[in-house]
There are 2 protein chains.
Amino acid sequence: MSQAHTRVPLTERTPEDCPVREVLDRVGDKWSVLIIVMLGRSTHRYSELHRTIDGISQRMLTLTLRALVRDGLVSRTAHASVPPRVDYALTDLGHTLLEPLTALDHWATLHREDIRAAREHHDRAQAPRPDGP
Amino acid sequence: MSQAHTRVPLTERTPEDCPVREVLDRVGDKWSVLIIVMLGRSTHRYSELHRTIDGISQRMLTLTLRALVRDGLVSRTAHASVPPRVDYALTDLGHTLLEPLTALDHWATLHREDIRAAREHHDRAQAPRPDGP
DNA sequence: CAGCATCCATGGAGATACTG
DNA sequence: CAGTATCTCCATGGATGCTG
């Protein structure tokens with residue numbers, strides 16, 4: 001870790017140059033973060049994730065897991081037992097991602113109400129007036 | 001800001017309970033981060049953003065800016081001059097978001113090659129065999 | 001149990017043309 | 001200059017049924 005930063009603060013200007021965007025492209029979808037966080041706590045089987053995540057379809061769970069495995073963030077371990085058993089766990093790489101996500105989470109927890117407030121304020125500002133414009 | 005953390009580490013389990021997901025829902029889209037980062041450096045006018053972001057359509061620029069303004073992350077200042085001039089800037093709230101985004105950026109910069117490598121490795125593993133399966 | 005395959009609805013996002 | 005208005009396309013994602 002000596003040359004990694006050629007001083008490109010956050011982004012240059014194009015979506016492709018931007019590392020943050022790369023992460024968000026992989027993890028900014030609807031389910032990845034949930035899964036990563038779940039696996040950050042402990043290893044889980046497919047069915048556990050399916051039950052716990054609540055709202056996710058088999059399709060999306062499978063697709064998302066595959067993507068995460070492909071990117072080396074999650075490991076997949078299939079046990080050749082009679083009722084098949086597959087465990088998913090965070091890789092070391094996946095664990096390192098947990099930290100910046102936690103930072104984001106702290107921000108979100110601290111400011112979610114600010115956003116809510118701003119939005120309501122803004123909506124109230126030029127909202128549809130009940131008795132006409 | 002004293003009771004904000006009832007100890008919900010990152011997510012409970014549902015997408016709705018999860019603050020991180022809330023942020024990603026607002027900022028995980030294709031352009032928000034780019035804009036936030038641009039504005040993190042300095043105030044910019046509409047046309048500057050449109051030129052600089054490169055690839056963004058007027059439609060998406062407008063929509064994204066509106067959403068950011070609505071959420072209180074960006075401020076919009078219209079100067080009533082002859083050629084209209086509108087400046088966009090980060091609000092204080094927007095600036096605080098810059099920090100966790102920077103954390104994400106550092107992670108991305110550090111590990112983008114790990115992901116690339118993992119993906120290539122994985123793709124090579126059970127890739128389409130040239131001479132049939 | 002742990003998926004895969006298929007169909008289908010939604011809306012995110014680009015291209016283009018027009019306006020205050 | 002700083003947007004709006006339409007049209008359209010396609011990726012995301014849900015529901016359902018089948019399989020090793």
Side-chain angles (χ1 to χ4, degrees), chain A residues 14-16 18 21-35 38-39 43-71 74-89 122 126 128 133, chain B residues 14-16 18 21-35 38-39 43-71 74-89 122 126 128 133:
Chain A
T14 70
E16 293 75 28
C18 183
R21 271 247 44 84
E22 259 183 72
V23 193
L24 292 180
D25 280 346
R26 311 283 143 197
V27 143
D29 63 67
K30 200 170 175 183
W31 304 108
S32 292
V33 183
L34 269 323
I35 294 180
M38 288 294 308
L39 297 182
T43 294
H44 284 291
R45 326 177 31 170
Y46 184 90
S47 53
E48 289 176 336
L49 292 171
H50 192 206
R51 269 197 317 277
T52 314
I53 299 259
D54 185 87
I56 195 171
S57 62
Q58 283 188 328
R59 173 190 154 86
M60 288 325 294
L61 180 55
T62 302
L63 287 181
T64 309
L65 282 173
R66 265 218 283 260
L68 293 174
V69 168
R70 192 171 100 103
D71 289 352
V74 165
S75 68
R76 194 196 111 118
T77 313
H79 306 273
S81 48
V82 175
R85 174 198 183 95
V86 179
D87 286 330
Y88 291 93
H122 182 268
Q126 73 266 268
Chain B
T14 70
E16 294 74 28
C18 182
R21 270 247 44 83
E22 260 183 69
V23 192
L24 291 180
D25 281 346
R26 310 284 145 197
V27 143
D29 63 65
K30 199 169 173 184
W31 304 108
S32 292
V33 183
L34 269 324
I35 294 179
M38 286 295 307
L39 297 181
T43 294
H44 285 290
R45 331 178 28 172
Y46 184 91
S47 53
E48 287 175 337
L49 292 172
H50 192 207
R51 268 198 317 276
T52 314
I53 299 261
D54 185 86
I56 196 171
S57 61
Q58 282 188 326
R59 172 191 155 84
M60 288 324 295
L61 179 55
T62 301
L63 287 181
T64 308
L65 282 173
R66 265 218 283 259
L68 292 174
V69 168
R70 192 172 100 103
D71 289 351
V74 165
S75 69
R76 194 197 111 117
T77 313
H79 306 272
S81 47
V82 176
R85 173 199 183 96
V86 179
D87 285 329
Y88 291 93
H122 182 269
Q126 73 264 269

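Residue numbers begin at 1 in each chain, while the letters A, B, ... track the order of the sequences.
What separates CE of M60(A) from P of dC4(C) is a distance of 13 Å, to the nearest Å. Atom CD1 of I53(A) is separated from atom C1' of dA2(C) by 16 Å (rounded to the nearest Å). Taking atom CG of L65(B) as the reference point, atom C1' of dA2(D) lies 11 Å away to the nearest angstrom. Counting to the nearest Å, the P atom of dG12(C) and the CG atom of L61(B) are 17 Å from each other. When rounded to the nearest whole Å, the span between CG of D29(B) and P of dT10(C) equals 22 Å. Regarding I56(B), its CD1 atom lies at a distance of 12 Å from the P atom of dA15(C), rounded to whole Å. The CH2-C1' distance, from W31(A) to dG13(D), rounds to 9 Å in whole Å. For the pair H79(A) NE2 and dG3(C) P, the interatomic distance rounds to 11 Å; values are reported in whole Å.
The residue among S57(A) and P84(A) whose nearest nucleotide of DNA chain D lies closer to the 5′ end is S57(A).
Side-chain proximity of R45(A) to dC4(C), dC1(D), dC1(C): nearest is dC1(C). Closest to the side chain of R76(A), out of dG3(C), dG14(C), dA2(D), is dG3(C). Side-chain atoms of Q58(A) lie closest to dG3(C) of the nucleotides dT4(D), dG20(C), dG3(C). When distances run from any side-chain atom of R59(B) to the nucleotides dG14(D), dA2(C), dA15(C), the shortest one goes to dA15(C). Nearest nucleotide to the R85(B) side chain, out of dG20(D), dA2(D), dG14(D): dA2(D). Checking dA2(C), dC4(C), dG3(D) against every side-chain atom of S47(A), the shortest atom distance belongs to dA2(C).
OP1 or OP2 of dG3(D) lies within a sub-4.0 Å distance of a side-chain N or O belonging to Y88(B).
With a 4.5 Å cut-off on side-chain heavy atoms, Y88(A) and V69(A) count as touching.
The residue R66(B) sits close only to the backbone: its heavy atoms come under 4.0 Å of sugar-phosphate atoms, none of a base.
Within the model, atoms OH of Y46(A) and CZ of R85(A) stand 15.5 Å from one another, a figure rounded to the nearest 0.5 Å. With values rounded to the nearest 0.5 angstrom, L68(B) atom CG is found 7.5 Å from D29(B) atom CG.
Remark: of the listed residues H44(B), R45(B), H79(B), H79(B) is the sole one forming a side chain to side chain donor-acceptor pair (under 3.5 Å) with D87(B).
Listed for the R26(B) side chain is no donor-acceptor partner under 3.5 Å among the backbone atoms of A67(B).
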